[in-house]
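Quick notes on the structure that follows.
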2 protein chains.
Amino acid sequence: MVKKTGRPGYLQIADELRERIRGGLLAPGEPLPSTAQLAEQFDASLSVVKMAVGILRNEGLVVGQQGKGVFVQEDGQPEQDSDLRTEVTALRSAVQDLTRRLEQVEAALPAADPKTRN
Amino acid sequence: MVKKTGRPGYLQIADELRERIRGGLLAPGEPLPSTAQLAEQFDASLSVVKMAVGILRNEGLVVGQQGKGVFVQEDGQPEQDSDLRTEVTALRSAVQDLTRRLEQVEAALPAADPKTRN
DNA sequence: CAAGCCAACTAGGTCAACTATGTTGGCTAT
DNA sequence: ATAGCCAACATAGTTGACCTAGTTGGCTTG
């Protein structure tokens with residue numbers, strides 16, 4: 001980690017990973033190194049690495065899959081101004097749709113056993 | 001706080017604060033309650049509150065001033081890109097959450113209700 | 001009275017430990 | 001050989017502690 005620039009470590013790491021992705025060093029679909037590996041690479045604690053990854057996750061640059069890893073998002077960077085409005089509209093309707101479906105299914109559940117896993 | 005929705009506390013708190021700001025309950029220039037107060041209000045740990053505030057800070061909705069407090073961004077220009085970006089972030093987060101919950105419930109619902117697709 | 005110190009607040013960053021949950025692969029017992 | 005268990009690893013979330021640093025207001029002291 002890094003320079004004593006006063007810039008917080010978790011931001012520096014997020015910057016670096018963002019750079020690696022944009023630069024193609026980490027291709028879409030590829031997994032990032034594990035949290036522990038990153039912590040060692042950057043000589044930082046697990047917490048700051050998790051914070052850094054959380055930022056990228058929040059940005060949609062990366063998707064975490066529990067138990068497997070964190071993967072570079074396939075879908076590129078739409079996120080341009082004109083696309084933003086479009087995406088807002090699409091997301092808003094998606095939320096409404098999902099909410100409706102969820103409520104239906106949840107209502108159709110009497111008191112099902114939550115242990116019902118495969 | 002901690003509604004049993006499985007949605008992480010730090011996201012629930014971020015959502016709630018975002019809502020308060022958008023709803024005008026917290027006006028631009030006004031300070032949020034202190035970290036400690038929020039922690040008590042939401043019955044969460046300081047860490048979780050700090051994570052939530054960090055998200056809003058990252059979204060530009062709010063600015064922290066060390067030693068004083070965290071203030072709702074004045075900016076002015078309503079309905080600008082930052083506003084859209086904020087909503088995109090919030091919506092994307094909500095979509096991910098709802099999708100996960102839906103898939104869980106639907107998967108746990110083998111043929112309990114054949115009428116509702118599946 | 002005024003200068004300066006100090007205690008109590010604030011945000012922000014970092015760390016370590018624990019829980020939970022999902023995935024995978026290897027071992028074992030049938 | 002196959003089914004099931006289990007250990008090791010992964011992300012994710014939470015908590016609590018400790019530290020830095022800025023701000024404020026009250027108290028002490030000169």
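Order of the sequence lines fixes the chain letters, A, B, ..., with proteins taken first and strands second; residue numbering starts at 1 for each chain.
Direction change of the helix axis from one end of the helix from C:dC1-D:dG30 to C:dT30-D:dA1 to the other is 30°, with five pairs defining each end axis (rounded to 10°).
Between B:Gln65 atom CD and C:dA11 atom C1' the separation is 10 Å, expressed in whole Å. C:dC15 atom C1' lies 18 Å from atom CZ of A:Phe42, rounded to whole Å. Spacing between atom CD of A:Gln66 and atom C1' of C:dA20 amounts to 7 Å, rounded to whole angstrom units.
Heavy-atom nearest nucleotides on DNA chain C were determined for A:Gly67 and for A:Leu11, and the one closer to the 5' end corresponds to A:Leu11. Take the nearest nucleotide of DNA chain C for A:Lys68 and for B:Gly64: the residue whose nucleotide is more 5' is B:Gly64. Nearest-nucleotide positions on DNA chain D for A:Gly69 and B:Ser45 put A:Gly69 closer to the 5' end.
The side chain to side chain contact (heavy atoms under 4.5 Å, CB included) check on B:Thr35 picks up B:Leu46, B:Val49, B:Lys50, with sequence neighbours excluded. A:Leu25 meets the side chain to side chain contact (heavy atoms under 4.5 Å, CB included) test with A:Arg20; sequence neighbours excluded. Remark: B:Gln65 engages B:Lys68, B:Phe71 in a side chain to side chain contact (heavy atoms under 4.5 Å, CB included) (not counting sequence neighbours). Under the side chain to side chain contact (heavy atoms under 4.5 Å, CB included) criterion, B:Gln37 pairs with B:Pro33, B:Ser34, not counting sequence neighbours. Here B:Glu19 pairs with nothing under the salt bridge (Lys or Arg N to Asp or Glu O under 4.0 Å) rule; sequence neighbours left out.
Looking at heavy-atom distances under 4.0 Å, B:Ser47 makes contact with a base.
For the pair B:Arg57 and C:dG12, the criterion of a side-chain N or O lying under 4.0 Å from OP1 or OP2 is met.
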